[in-house]
Participant: 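First the structure, then my questions, so here it is.
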There are 2 protein chains.
Amino acid sequence: MSVNDVVYRKSRQRQKIYDLIKDMQNHPTAIWIYNSLKEEIPSLSLGTVYRNLNILLEQGLIHKVSFDGNCDRFDARIESHHHLICEKCGAVDDIFLPRVSDIYKDALKDKKFKITHHRMDFFGICEKCAKK
Amino acid sequence: MSVNDVVYRKSRQRQKIYDLIKDMQNHPTAIWIYNSLKEEIPSLSLGTVYRNLNILLEQGLIHKVSFDGNCDRFDARIESHHHLICEKCGAVDDIFLPRVSDIYKDALKDKKFKITHHRMDFFGICEKCAKK
DNA sequence: TTGATAACAGTAATGATTATTAAATATTTT
DNA sequence: AAAATATTTAATAATCATTACTGTTATCAA
């Protein structure tokens, strides 16, 4: 462990925040997490939510995704996956597309750019919104 | 033309903003555009830049892209393309990957989601930053 | 040319996020 | 187990990007 690493003690708040994100499928926002836990932990502060989200990010336990114009959303799914974003209601669903790297390896072989990861989002209308 | 449609008059400011975005390859931010045009139009206001960016978006003349944690960037390239984002210096480069839709058409054929467009961003280290 | 209204500059307001601080809580040491 | 030490918390203030408001100016059709 390097000198710069911080040892995080456990806290009820952080545990609850993580559990909530892990249980949700719809990539909650900070304010949504705050409102959801407010009932169980009335003293909870929005700043605490943000601080703990950053700690969880740093620990690699969650991911952050932000879509144009909206606030950040958080996700406890660590495996590589992609998103379906409804442009009507803002709902975010996950999809898994295997072998995405195949398509870019070829196209990028003459570019001098070292790719560490990628992100692929699909925008459109979800089933629910299409119905009404 | 529907009653709700607005007729846009031409304005020097909006034209300059659009020209600037079109000439740049590096997806400028609102504040960068503002600073760049300030010399030519000293009276320019940052609010005017934002308002006109939104009008240009509405007209479909530019696109908006925002990468995690940073401010929005704008792009006058309307054709479908993808991004290479350097995680060190924040530079954004374009790449064109043909036939991306092939990989998801198959994976999504049982999902009831109507895709209108997609976005694919690659993160990593650019040539310049790799050198130093 | 003129009347209607979009666009302007300037500024205030908003919304999301981060920083600060004193008090509460968790770990380590005695 | 109690004291010492370090971290987390809640509350609040600060910051940054973006949008809304206000009074003035510019555009354009009649």
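Throughout, protein chains are lettered first and strands after them, A, B, ... in sequence-line order, and every chain is numbered starting at 1.
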Participant: Using atom CG of B:Leu44 as one end and atom C1' of D:dA26 as the other, report the distance to the nearest whole Å.
Facilitator: 16 Å
Participant: Indicate whether OP1 or OP2 belonging to D:dT19 is found under 4.0 Å from a side-chain N or O atom of B:Arg51.
Facilitator: no
Participant: So, OP1 or OP2 of C:dC8: does either fall under 4.0 Å of a side-chain N or O from B:Ser11?
Facilitator: yes
Participant: Rounded to the nearest Å, what distance is computed from the CG atom of residue B:Leu37 to the P atom of nucleotide C:dA9?
Facilitator: 11 Å
Participant: Grab the CD-P distance between B:Glu58 and C:dA7 for me, whole Å please.
Facilitator: 10 Å
Participant: Identify the pairs formed between an N or O of the protein and an N or O of nucleotides 22-25 of chain D at a distance under 3.5 Å, and give each distance.
Facilitator:
none

Participant: With sequence neighbours left out, write down each residue that passes side-chain contact (heavy atoms from CB on, under 4.5 Å) with A:Ser36, or none if nothing qualifies.
Facilitator: A:Leu20, A:Trp32
Participant: Nearest to the side chain of A:Arg9, which nucleotide is it out of D:dT9, D:dA6, D:dA10?
Facilitator: D:dA6
Participant: With clusters defined by side-chain heavy atoms of hydrophobic residues (ILVMFWY) lying less than 4.5 Å apart, directly or transitively, does B:Leu56 cluster with B:Leu46?
Facilitator: yes
Participant: Look at the side chain of A:Tyr50 and decide which nucleotide, out of C:dC8, C:dT18, D:dA10, has an atom nearest to it.
Facilitator: C:dT18
Participant: Expressed as a whole number of angstroms, how long is the span from B:Tyr8:OH to D:dA26:C1'?
Facilitator: 18 Å
Participant: If you take all heavy atoms of A:Phe113 and B:Ile85, which pair is closest and at what distance?
Facilitator: CZ-O, 3.4 Å
Participant: Could you check which of D:dA17, C:dC8, C:dT17 has an atom nearest any side-chain atom of B:Cys71?
Facilitator: D:dA17
Participant: To the nearest Å, how far apart are A:Tyr34 OH and D:dT12 C1'?
Facilitator: 12 Å
Participant: Any idea which of D:dA10, C:dC8, D:dC28 is nearest the A:Ile41 side chain?
Facilitator: D:dA10
Participant: If you assign B:Lys10 and A:Phe74 each to the DNA chain C nucleotide with the nearest heavy atom, which residue ends up on the more 5' nucleotide?
Facilitator: B:Lys10
Participant: Using atom CD of A:Gln13 as one end and atom P of D:dT7 as the other, report the distance to the nearest whole Å.
Facilitator: 17 Å
Participant: Taking C-beta and beyond as the side chain, do A:His83 and A:Asp75 meet within less than 4.5 Å on heavy atoms?
Facilitator: yes
Participant: To the nearest Å, how far apart are A:Leu46 CG and D:dA10 C1'?
Facilitator: 11 Å
Participant: Once rounded to the nearest 0.5 Å, what's the spacing between atom NZ of B:Lys112 and atom CG of A:Leu84?
Facilitator: 13.5 Å
Participant: Please determine whether residues B:Tyr50 and B:Leu44 belong to a single hydrophobic cluster, defined as Ile, Leu, Val, Met, Phe, Trp and Tyr linked transitively by side-chain heavy-atom distances below 4.5 Å.
Facilitator: yes
Participant: A:Ser45 side chain N/O closer than 4.0 Å to the phosphate oxygens (OP1, OP2) of D:dA11?
Facilitator: no
Participant: Quick one: which of D:dA10, C:dA9, C:dT17 gets closest to the side chain of B:Thr48?
Facilitator: C:dA9
Participant: Is the gap between the ring centers of A:His63 and A:His27 under 6.0 Å?
Facilitator: no
Participant: What is the distance from NZ of B:Lys16 to P of C:dA7, rounded to the nearest Å?
Facilitator: 18 Å
Participant: Is there a side-chain contact between B:Ile17 and B:Phe74 (heavy atoms, below 4.5 Å)?
Facilitator: no
Participant: For DNA chain D, whose closest nucleotide is more 5', that of B:Asn54 or that of A:Arg12?
Facilitator: A:Arg12
